[in-house]
Structures are given as structure tokens and as C-alpha cells.
Amino acid sequence: MSEEVSNLLKRLAESEAAHSKSEAARITAEQYAAELSRSLEAINLSLKDRVDVSSTFAQSSALITRTSLNFPSERLLSPTSTDAPCFIEGDYAALLDAPVTLPTNSTLALDFRRVLIAGGTAREIMRESNMYVLATSILPRFAKTVGSPSGDMTASAIFTNASLRSSLWSFSSGCKPELHVRAAAGDDGEPKFRPAYNGELKSAGDSRALEQAAYYAAMDMVRVFFPARDNAPCKRRFFSRAPLGFALVAFPHVGYFIALEWIGKLLVSPVSAPFLLGSTAHSAAADALPDERYDDPYELNESLEWVTPNNSDKTDRVAWSISDGVFRKLVRGDARSGAAFSSMFRAYKRLNEVLSTHEPPESLHLIAYARLYFGAHELLIEMPAVAGREATEDDMKGVGDGKVLSNVAATFVWLARRCLVHVDLRAPNVIVDANGYPWLVDFDDMVVTPEAVNSLEGFRDVLQSLPAATELCTFATSFLSGGQSEISAALAEAFDRVET
């Protein structure tokens with residue numbers, strides 16, 4: 001029925017009400033019918049569509065009953081019911097890519113339209129299998145697809161057998177990642193070492209997405225950086241930069257990227273804000289992932305002799321060796337927490353920045369460098385070996401001429417004023433050379449502060465605010481409880497006399 005006819009019928013109904021309620025209006029049925037007839041002429045209805053208005057009005061009650069706009073009854077089942085149809089796609093609801101009466105974000109509308117096209121219906125955009133193509137349509141520059149997005153591939157087929165073993169882990173070869181992608185490393189014309197890549201797309205409510213994404217990305221990291229050969233782990237090798245991997249963690253139809261950094265432990269953390277799969281935000285987040293390049297690693301000399309502490313908590317977790325004037329220390333991934341490894345990395349990075357840009361006073365004795373190298377499940381530290389003896393407890397209490405303690409305090413203050421605070425000022429971390437000068441030689445328990453520390457009170461604040469500072473350090477606990485009075489006095493004096 002045309003809109004004009006519908007309007008006329010509406011006016012018929014209105015005339016009946018007006019006729020019965022208002023005699024004063026003197027609008028007879030015949031007069032009103034004549035008016036309606038003129039309206040029909042005006043809209044030039046065809047003969048077959050014309051209505052005998054007089055007879056229509058005479059039968060208006062019956063006609064209006066037949067054309068009333070009453071709603072049919074529709075019971076909506078609970079959306080948790082497996083039998084419930086999708087009410088968004090019924091006759092009385094629809095899913096659009098943008099609002100109609102509100103300001104429209106054209107970029108968001110375009111992004112969501114891609115999701116609608118991929119899924120097809122409101123329910124299908126929540127089905128993970130319909131999002132595989134979108135999830136792999138945008139990749140970081142260092143990644144590539146393997147096979148088809150919707151195929152059936154095992155992890156060993158995607159990452160090769162080189163991914164199946166590290167020095168610690170053995171991975172499942174038969175698991176089947178949903179995303180058939182990996183790093184484009186070592187291919188023709190591609191760098192040999194670059195960040196790894198994979199991910200996981202899970203239906204909402206599945207709690208395993210994050211761990212599975214990290215699992216598959218870790219397999220690709222092993223393939224790229226520490227490849228197994230003939231089912232044997234890679235030889236002990238180390239990179240001058242932390243091996244990186246990235247993974248997409250997604251639920252239909254939203255995802256985000258996580259980063260994997262091999263710094264002693266495999267450290268996993270979010271590296272992007274959430275985005276719609278296939279969106280411009282997805283593309284921008286992928287483009288923001290760094291395509292790091294790596295020099296060739298070096299393999300650890302197996303002939304080096306290593307010693308470990310007798311402390312049962314550290315045995316085999318920490319070891320050191322001295323040869324050819326170089327001190328080396330290995331720190332295994334289970335020797336520290338993730339927060340402590342993170343703090344350790346930042347401290348060594350800052351230390352080398354300070355050493356390369358600031359000239360310390362001649363009265364201070366600081367090493368020339370302290371480098372970190374990154375292996376599978378372990379860190380390697382290298383620095384010049386200092387010939388001498390380990391400081392004694394009496395040295396650290398200022399017994400005798402007090403030269404060791406005062407010089408240690410001066411070195412501490414010089415570093416603290418450059419945002420590096422050593423939180424483990426114990427005798428084993430100080431070597432006294434042949435001339436009686438002390439050298440700080442263990443920087444694992446230094447922390448980087450946001451601002452320079454210029455007072456003893458500032459040092460206390462650092463110890464109280466950084467959990468990583470006290471995790472493995474009995475000195476910090478003792479200092480905060482009122483112990484280490486000699487060191488406290490030496491530091492207070494050094495803050496007064498040591499210039500920036």
C-alpha cells in the first residue's frame with residue numbers, strides 16, 4: 001500500500017472520531033469524503049488504485065480493523081539458550097557499522113564493516129574461525145604467512161623442527177596454531193635474525209589465549225635465535241641484544257599485541273592497546289612493532305672453568321669465570337624474578353650510558369664497561385676483571401684508615417646522582433686492588449631511579465619503594481631496619497662532599 005493511501009486511511013479514521021465527538025465542527029461525512037476525493041485526484045492515483053471514498057468511509061470500521069498496526073507477539077528466549085535465534089538479526093533489529101543519529105566515526109565504521117563482511121552475521125563475527133583471515137591480513141613487516149589462513153597445520157609444519165627444543169624446553173610438535181604465520185627470518189633476501197611472530201585467536205571465555213600465543217611465539221623465537229638441530233638443543237649462544245618476539249592475542253573480533261623479551265626469563269607483556277581485527281588501528285599497531293636486527297651471536301667457550309657459590313639456593317643458578325682479563329658471570333633464568341631481571345637490564349643499560357658520557361673523578365675507580373649478553377634461559381655478564389682481593393667486613397665498617405669504605409661511598413654517591421643506585425653494598429661486591437683502592441664489581445642489584453638521588457633520605461626512599469631492590473638483598477633489609485650504621489654515616493658524609 002502506497003504511503004499516500006496509508007495517509008488517507010489515517011485521515012478517514014480521524015474523521016470518524018471528529019464526527020462523533022464534535023457536532024459543532026459541522027464536518028459531515030460527505031463533506032470530509034469530498035475533501036478526501038479531491039486529495040486522491042491531486043495525487044493522480046491510477047483508476048485501479050482509486051478508492052470509492054464514500055463506500056470506504058461507510059465501511060471504515062471494518063477496513064481500519066483489517067489494516068491496524070498491532071504488533072505480533074514475539075517471545076525472546078534467553079540468549080544463553082542454544083535454541084534462541086539472534087534477536088539482532090530478526091525483523092525488528094539490525095546490526096549496522098555506524099550509528100544514525102549520533103556523530104559517526106567514519107574510520108570505525110569502515111573497520112567494523114570489515115568485521116561484518118568477514119563474519120556475515122552478528123553471531124558469526126564472534127566465531128574465531130571467521131576471523132583468521134582478518135587476523136593474518138595485517139602483519140608486522142618482519143612476519144609472513146605460511147600456507148593458507150584456514151588450513152590445518154601443525155606447529156612443526158609452521159615453525160619447522162628447529163623450533164621444537166631449547167636448552168630447557170621441549171615443545172609439542174603436534175599442536176595446531178590457528179594463525180599460520182611466523183617470522184620472515186633467514187628466507188631469501190631476509191635478515192637471518194629478526195623478531196619472531198605468531199599468536200592465538202580464541203573464542204571469548206577461553207582462558208588459554210594468552211599462554212598459547214606466548215607458547216607459539218616462543219617456538220618461533222627458538223627457531224630464529226636458538227634453532228635445534230637433529231633434535232638436539234642449540235649450542236650455548238648469546239646475542240648482544242635481547243631476542244624479541246611478538247604475538248597477537250585475539251578474541252573474535254578484538255585483539256592486541258604482546259611482546260616476548262628473552263632477558264634471563266622469557267618476559268611477556270602487552271605492547272599495544274586493543275583494536276578491531278583488520279582495522280586501521282590494527283595496521284598501525286603492527287607497524288609500530290620494531291623490526292630489530294641482530295649481529296651474529298657468539299658461542300660460549302666450552303673450555304672455560306666456572307665456579308658457583310656454595311649457597312644451595314644459588315648453586316648452578318649463578319656461576320662465574322675469569323680468563324684473559326675478562327670477568328664473566330652466568331645468571332640462569334630461575335635465579336631471579338621477572339621484575340628483578342627487568343630491573344637488572346635497565347641498570348646495566350644506564351650504567352654503560354653513564355660510563356660512556358660522563359668522566360668520573362680520578363679519585364673514583366669505575367670499570368670501563370659492563371655488558372649483558374642474552375641467551376636461551378640465561379644472561380651472560382662481561383666486564384674487565386679487577387685483580388685484587390675481596391673486601392672484608394672490617395673494610396666495609398671503616399676499620400683502619402677507612403679508605404675502602406669512604407671510596408665506596410664516594411663511588412655510590414657519584415652513581416646515585418646519575419640515577420643509578422646500588423642497593424647491595426656488601427663486602428663480596430667490592431674488590432680491593434693492589435693499591436688499596438676499592439672497585440664496585442657487582443651491578444646486578446643496582447636500580448635506575450627516575451630522578452637523581454642526592455641524600456641519605458633519598459636512598460632510604462629508593463629502598464622502600466622498589467621491591468626488586470630487596471628481593472635478593474639482605475643489605476637493604478638490614479639498612480632499612482637501622483643496621484649498617486658505618487655505611488650510613490659514610491654515605492651521609494659522601495653526599496655532603498662529592499660533587500655532581
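All values derive from a computational prediction rather than experimental measurement.
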Find out whether Arg346 and Ser343 are in side-chain contact, i.e. whether some heavy atom of one side chain is under 4.5 Å from a heavy atom of the other. no
Glu457/Arg460 ion pair, N-O < 4.0 Å: no
Keeping Thr154 on the side-chain end and Ala157 on the backbone end, is there a donor-acceptor pair under 3.5 Å? yes
Output, in order, the C-alpha distance, side-chain angles, deciding distance and verdict of side chain to side chain donor-acceptor pair (under 3.5 Å) for Arg328 and Ser323. CA-CA 8 Å; Arg328 296 177 177 88; Ser323 64; 3.0 Å; yes
Check: Arg141 side chain, Asp287 main-chain N or O, donor-acceptor pair, under 3.5 Å: yes
Decide yes or no for Val318 and Thr308: does some side-chain heavy atom of the first lie under 4.5 Å from some side-chain heavy atom of the second? no
Would you give the length of the straight line joining atom OG of Ser321 to atom CZ of Phe327, rounded to the nearest 0.5 angstrom? 9.0 Å
Are Tyr348 and Asp444 linked by a side-chain donor-acceptor pair shorter than 3.5 Å? yes
Assess whether a salt bridge exists between Asp442 and Arg426, defined as any Lys/Arg side-chain N lying under 4.0 Å from an Asp/Glu carboxylate O. no
Can you check side chain to side chain contact (heavy atoms under 4.5 Å, CB included) on Arg371 and Tyr373, steps first, answer last? CA-CA 7 Å; Arg371 300 191 183 106; Tyr373 293 91; 3.4 Å; yes
Lys329 side chain reached by Val331 side chain, heavy atoms, under 4.5 Å: yes
Can you name the closest pair of heavy atoms from Ala196 and Ala217 and give their distance? CB-O, 3.9 Å
Got Leu440 and Val430 here, is their nearest side-chain heavy-atom distance under 4.5 Å? yes
Which distance, rounded to the nearest 0.5 Å, do you find between the CG of Asp461 and the OG1 of Thr449? 11.0 Å
With distance as the sole test, does Thr357 use its side chain to make a donor-acceptor pair with the main-chain N or O of Glu353 at under 3.5 Å? yes
Between Pro227 and Phe225, what is the shortest heavy-atom contact and its length? CD-C, 3.4 Å
Could Arg241 and Glu292 be called an ion pair, given the rule that one side-chain N must be under 4.0 Å from one carboxylate O? yes
Strictly distance-based, threshold 3.5 Å: is any side-chain N or O of Asn198 a donor or acceptor partner for the main-chain N or O of Val181? yes
Start with the C-alpha gap between Leu415 and Leu351, add the side-chain angles, then the distance that decides, and say whether side chain to side chain contact (heavy atoms under 4.5 Å, CB included) holds. CA-CA 8 Å; Leu415 290 171; Leu351 176 64; 4.3 Å; yes
Measure the acute angle between the ring planes of Phe246 and Phe142, then classify it against the limits of 30° and 60° as parallel, tilted or perpendicular. tilted
Mind checking whether Phe475 and Phe479 have parallel, tilted or perpendicular rings, split at 30° and 60°? tilted
Whether over 12 other heavy atoms sit under 6.0 Å from Arg332 CZ: yes
Are a donor atom and an acceptor atom from the side chains of Asn429 and Asp424 found within less than 3.5 Å of each other? yes
If you compare all heavy atoms of Gly278 against all heavy atoms of Arg114, which two are closest, and at what distance to 0.1 Å? O-CD, 3.3 Å
Is any NZ, NE, NH1 or NH2 atom of the basic residue among Arg113 and Asp111 found under 4.0 Å from an Asp or Glu carboxylate oxygen of the other? no
Flag, side chain of Ser283 to backbone of Thr280, donor-acceptor distance under 3.5 Å: no
Contact between Asp291 and Arg194 at the side-chain level, heavy atoms closer than 4.5 Å - yes or no? yes
When the ring planes of Phe275 and His282 are compared, do they come out parallel, tilted or perpendicular, using 30° and 60° as the limits? parallel
Looking at Gly333, is its backbone amide N or carbonyl O close enough to the side chain of Lys265 to form a donor-acceptor pair, meaning the two atoms are under 3.5 Å apart? yes
Taking C-beta and beyond as the side chain, do Cys175 and Tyr216 meet within less than 4.5 Å on heavy atoms? yes
Arg317 and Asp334 have their tightest heavy-atom pair at NH1-O, 3.4 Å
Given 3.5 Å as the limit, does a donor-acceptor pair link the side chain of Arg165 with the main chain of Ala228, or not? no
Could you check whether Glu378 pairs with Arg236 (Lys NZ or Arg NE/NH1/NH2 to Asp/Glu carboxylate O, under 4.0 Å)? yes
Would a line drawn from the ring center of Trp262 to the ring center of Phe239 be shorter than 6.0 Å? no
Do His377 and Ser166 pair up side chain to side chain, a donor and an acceptor below 3.5 Å, judged on atom types alone? yes
Does His358 reach the side chain of Leu355, with side-chain heavy atoms less than 4.5 Å apart? no
Proximity of Phe238 and Phe374 rings by center, below 6.0 Å: no
Under 3.5 Å, side chain of Tyr294 to main-chain N/O of Ala242, donor-acceptor pair present? yes
If you define the side chain from C-beta out and look only at heavy atoms, does anything of Phe171 sit under 4.5 Å from Ser156? no
Between Glu211 and Arg208, does any NZ, NE, NH1 or NH2 come within less than 4.0 Å of an OD or OE carboxylate oxygen? no
Can you say whether the rings of Phe495 and Phe412 are parallel (under 30°), tilted (30 to 60°) or perpendicular (over 60°)? perpendicular
The reported gap from OG in Ser478 to CG in Leu463 (rounded to nearest 0.5 angstrom) is 11.0 Å
Step by step, work out the side chain to side chain contact (heavy atoms under 4.5 Å, CB included) result for Met446 and Val421. CA-CA 5 Å; Met446 280 197 315; Val421 176; over 6 Å; no
Please test Leu372 against Leu380 for side chain to side chain contact (heavy atoms under 4.5 Å, CB included), starting from the C-alpha separation and ending with a verdict. CA-CA 6 Å; Leu372 287 185; Leu380 175 65; over 6 Å; no
Show your working on side chain to side chain donor-acceptor pair (under 3.5 Å) between Tyr132 and Glu128 and close with a plain yes or no. CA-CA 7 Å; Tyr132 296 158; Glu128 63 181 77; 3.0 Å; yes
Taking atom CG as the centre, does Asp187 end up with more than 12 heavy-atom neighbours from other residues, nucleotides or ligands that are less than 6.0 angstrom away? yes
Should the pair Glu178-Lys202 be classified as a salt bridge under the 4.0 Å nitrogen-to-oxygen rule? yes
